[in-house]
Amino acid sequence: MTSSVAVDPWAPTLEAVLAGLSAAAVGAGVPADPALLGAALNVDGGPEGDLAFAVHRFAKGAGRAPPEVAEAFAAHFVPIPEIASVRAKGAYVNFTADPTRLARSTLELVFARGDRYGHGEATSEPACVEHTSANPTGPFHIGRVRNAIIGDTFARALRASGAPVTTQYYVDDMGRQAAMITWIWSKPRAEWPEPVRRAVEGEEVPGEKPDRHRGRPYPALSAYLKEHPEAQEEVARLVHRIESGDAPPEHRELSESILAGMLASLARLKIGFDELVWESDFLRNGSVERVLERLRSTPHSVREENGAWAIDASGHGLPKESTRIVVQRGNGTSLYVTRDVAYHLSKFARFARVLDVLGQDHQLHARTLDVLLEEIGETRRPTYLIYQDITVPEGGRMSTRGGSAVWLDHLLEEAVSRARGEVVARREDLAEEAVDAIAEAVATGAVRYHIVRVAPEKPVVFRWEDALSFEGRSGPFVQYSYARASSVLRKGGADRPPYPFDAARLSHPEEAALVRVIARLPRTVAYVARSAHVQALAGYAHDLADQFNRFYHAVPVLRSEAERASRIALVAAVRQTLGNSLDLLGLARLETM
RNA sequence: GGGCGCGUAGCCUAGCUUGGAUAGGGCACCGGGUUCCUAACCCGGCGGUCGAGGGUUCAAAUCCCUCCGCGCCCGCCA
């Protein structure tokens, strides 16, 4: 609860009420620890007001009946301008904010802060959010994209909360998977294993994206290698070559072109990265070797018979079967987790907070990483944001091999086509390019919102009809509400500030309710940055759009008389706040739909 | 077997971090609303043993324990 007057319309009211309660406790003769007062004050009100104060614990401490104590608190609460009414009811003291005052301070703050309304005050603690980091071996399926959407949304919220945030995509160009891609593509097509060639030929489409094209052999190749040890051996030799700095010239180019195709898809979702961090860099600059030296010299290091190095991690609470962490293969090459240690040391050197967005299948990896960091005497740890998989209705995770994967590009294609139909059906007046732009924004907005609205720790079953919904709790609903607000302002000749208003005119219940939702954004942003509960941002945007639509249906804006200017200002504040919410969610602001 | 996560109306989901008054939404379904600022909307209705049991507490969807169901992981893969 460090929200400041400068960024949160509720802050002055909360501070004043808390101070008032503290004084009232003295007057009422009820012992009350000031710290506990805050905990008993329910900020989101309840059925009887804006703030609800639960007196039970203080009544108990004083040995008095709760309703009597509530009455005593209310009676001794010295009136303050922020609060219009104080009423005891049962074991609660209910406070109602002065609606005019709240409307005035909220709208003033929204207009003063503009695109920064909802944001916190700048802090100097740099943070790094690593997310997505999918291997550059083929196109994204929607399961992988959950990582990107959660990570990108969280990074936006963290940045808005005031922290300097750097986002990173860790590109694994060193492992066996990248080597497989190089192995196959460095051969002439005629020398490809028969099953791999068959799987690819006839499927390829001229001009297809590089991630699609270069990734095509991967599933069949993966299956082929399982059955062919001699081919596996070739790949292993290639891994060794790559790691010793003797990668075939096409190796990096393949990773880069596949990655470029993948990033192009994410860019449609407004997901980008401040930095691409290549795993190979940590080998080239010697930091992996330095990590290995430190690991080999710890008391728990073990030399295996074939020359491999491991760490005996018993006593770290790991599952019994994984107490031996191999950090270097018998053939001298490093492992993913070892390179990840080097990567994380580089992050700790630059950032005060290090956050990794990981699928739950990487949970054990995360714990292993923690153990290795401890082994080399590093005291800092990343904070892990773990999300659950997206599964398919038939059961099981999305699998490229099993053909159950839903490709992001395919999903977007479907979504755009459907969105296009919706636009054309209601807007005959629009030019082709305008229709295309709206369809793209609606489609990508629907997909992003559909993923972010669910808590990361919940498993998600992918269903086309849900992902393509443009109604109800959806991205397009929020975008539509923004477009509607824009339209009102346009027609009112008021699409630019200033927006003069008289807060006392905003007295309709739907107006008061709308002001309250607008005023909630700063708290919501702070909460998401603190908790990583990104779904709260989606819930907030829906609530605001929903209340705006109620207001819109309940009272006229442009056709009102005395209230016209004030209502226009309220709509302008809604538009700003909805716009900021869309920004936080990575959805496009649409001026018309 | 062990570790982690999940379980809220027919379906999806918020609330759980920080316990507080009749558990919020959405989809579907039923009934209404457009000579009027965008109906991708709004109003009303229907629908809940918050997986089960026990515990802590003045108070439990929320905290603790046990159990059940589902998912993931337990590689010299990443």
Side-chain angles (χ1 to χ4, degrees), chain A residues 1 38-40 42 46-48 52-57 59-60 66 89-92 94 133-135 137 172 174-178 304 306-310 317-322 324 326-331 333 335-337 339-340 359-365 367 386-389 391 395-397 419 422-423 425-427 442 446 453-455 457-461 463 465-466 469-474 476-477 479-481 483-492 527 530-533 535-536 538-539 542-543 545-546 549-550 552-554 556-560 567 571 592-593:
Chain A
M1 188 74 54
N42 185 345
E48 305 286 339
F53 178 66
V55 305
H56 308 82
R57 74 181 74 194
K60 196 182 182 197
K89 180 169 184 185
Y92 297 85
N94 295 295
S133 301
N135 292 337
T137 53
D172 177 13
M174 277 292 102
R176 207 156 69 185
Q177 303 187 353
E304 303 288 340
N306 67 352
W309 284 89
L318 292 175
K320 284 190 188 63
E321 295 80 1
S322 47
R324 205 182 47 106
V326 176
V327 297
Q328 184 175 14
R329 292 191 185 98
N331 69 6
T333 55
L335 283 110
Y336 173 68
V337 69
R339 289 173 242 133
D340 213 15
Q360 70 156 344
D361 54 332
H362 280 60
Q363 188 111 268
L364 184 60
H365 168 74
R367 293 182 61 192
I386 306 291
Y387 67 93
Q388 298 281 318
D389 295 305
T391 56
R397 288 205 288 169
E422 297 288 329
V423 180
R426 61 196 92 199
R427 295 296 299 272
V442 166
R453 63 193 277 265
V454 180
E457 66 271 18
K458 294 255 198 188
V460 168
V461 178
R463 293 194 175 83
E465 63 271 29
D466 293 345
S469 167
F470 300 156
E471 291 170 2
R473 255 200 95 156
S474 71
F477 172 71
Q479 291 173 311
Y480 177 76
S481 306
R484 173 178 262 176
S486 298
S487 171
V488 170
L489 295 176
R490 233 175 4 247
K491 292 216 165 124
Y527 169 75
R530 181 172 75 244
S531 68
H533 292 185
Q535 70 276 17
H542 174 264
D543 288 351
D546 188 45
N549 286 315
R550 275 180 222 190
Y552 177 87
H553 284 284
V557 177
L558 301 180
R559 287 174 294 107
S560 59
R567 286 181 179 161
V571 173
T592 186
M593 270 175 80

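Scope of the values below: all heavy atoms of this structure, side chains included, with no hydrogens, waters or symmetry mates. Convention: sequence-line order gives letters A, B, ...; per-chain numbering from 1.
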For A:Ser481 and A:Ala545, the nearest pair of non-hydrogen atoms, with its separation, is OG-CB, 3.3 Å
message = For A:His362 together with A:Tyr387, are the ring centres under 6.0 Å from each other?
response = no
Winner on side-chain proximity to A:Val488, out of B:A14, B:U38, B:C76, is B:U38
I'd like a table of atom pairs between the protein and nucleotides 68-71 of chain B - only N or O on both sides, under 3.5 Å - with the distance next to each one.
residue, atom, partner, partner atom, Å
B:G71, N2, A:Gln360, OE1, 2.9

Sorted by chain and number, sequence neighbours left out, ring-ring contact (aromatic ring centres under 6.0 Å, His included) with A:Phe477 holds for A:His542
Of the candidates B:G75, B:G3, B:U38, the side chain of A:Arg484 sits closest to B:U38
By the Watson-Crick or G-U definition, both distances under 3.5 Å, B:G47 is matched with none
Under a 3.5 Å limit on both distances, the Watson-Crick or wobble mate of B:A28 is none
Of the candidates B:C76, B:G5, B:C43, the side chain of A:Glu457 sits closest to B:G5
Residue set satisfying salt bridge (Lys or Arg N to Asp or Glu O under 4.0 Å) with A:Arg427, at least two apart, ordered chain then number -> A:Asp429
Checklist line | Check: A:Asp466 side chain, B:C11 base, donor-acceptor under 3.5 Å | finding: no
The side-chain contact (heavy atoms from CB on, under 4.5 Å) partners of A:Gln479 (sequence neighbours excluded) come to A:Ala441, A:Val442, A:Pro476, A:Leu582, A:Leu587, A:Ala588, A:Leu590, A:Met593
Pairing partner of B:U34, by Watson-Crick or G-U wobble and under 3.5 Å for both distances, is none
Against the side chain of A:His542, the closest entry in B:G25, B:C37, B:A39 is B:G25
Result for 5'-nearest mapping on RNA chain B, choosing between A:Asn549 and A:Tyr336, is A:Asn549
With sequence neighbours left out, the residues meeting side-chain hydrogen bond (donor to acceptor under 3.5 Å, both in side chains) with A:Tyr552 are none
Give every pair of a protein N or O atom and an N or O atom of nucleotides 17-24 of chain B that lie under 3.5 Å apart, one pair per line with the distance.
residue, atom, partner, partner atom, Å
B:U18, O4, A:Arg530, NE, 3.3
B:U18, O4, A:Arg530, NH2, 2.8
B:G20, O2', A:Tyr92, OH, 2.2
B:G20, N1, A:His56, ND1, 3.0
B:G20, N2, A:His56, ND1, 3.3
B:G20, N2, A:His56, NE2, 3.0
B:G20, N3, A:His56, ND1, 3.3
B:A21, O4', A:Tyr92, OH, 3.3
B:A21, N6, A:Asn94, OD1, 2.2
B:A21, N1, A:Asn94, OD1, 3.3
B:A21, N1, A:Asn94, ND2, 3.2

Sorted by chain and residue number, the salt bridge (Lys or Arg N to Asp or Glu O under 4.0 Å) partners of A:Arg329 (sequence neighbours excluded) come out as none
Tightest non-hydrogen contact, residues A:Val454 and A:Val460, listed as CG1-CG2, 4.1 Å
Under a 3.5 Å limit on both distances, the Watson-Crick or wobble mate of B:C16 is none
I'd like to know if the side chain of A:Thr333 pairs up with that of A:Asn331 as donor and acceptor (distance under 3.5 Å, no hydrogens or angles considered). yes
On RNA chain B, more 5' by nearest nucleotide between A:Gln535 and A:Tyr552 is A:Gln535
For A:His553, the side-chain contact (heavy atoms from CB on, under 4.5 Å) test, sequence neighbours excluded, returns A:Arg484
Closest of B:C72, B:C76, B:U38 to the A:Met593 side chain is B:U38
Taking B:C72, B:C76, B:U38 as options, the one with an atom nearest any side-chain atom of A:Asp361 is B:C72
For nucleotides 50-52 of chain B, print each protein N/O atom paired with a nucleotide N/O atom at under 3.5 Å, atom names and distance only.
none

A:Arg567 meets the salt bridge (Lys or Arg N to Asp or Glu O under 4.0 Å) criterion, sequence neighbours left out, with A:Glu511
Residues at least two apart in sequence or cross-chain that pass salt bridge (Lys or Arg N to Asp or Glu O under 4.0 Å) with A:Glu457, listed by chain then number, are none
Side-chain contact check for A:Tyr480: nearest option of B:U38, B:G25, B:A14 is B:U38
Could you list the protein-to-nucleotides 28-36 of chain B atom pairs, N/O on both sides, closer than 3.5 Å?
residue, atom, partner, partner atom, Å
B:C36, O2', A:Arg559, NE, 2.9
B:C36, O2', A:Arg559, NH2, 3.2

Re B:U66: Watson-Crick or G-U wobble partner, both distances kept under 3.5 Å, found to be B:A52
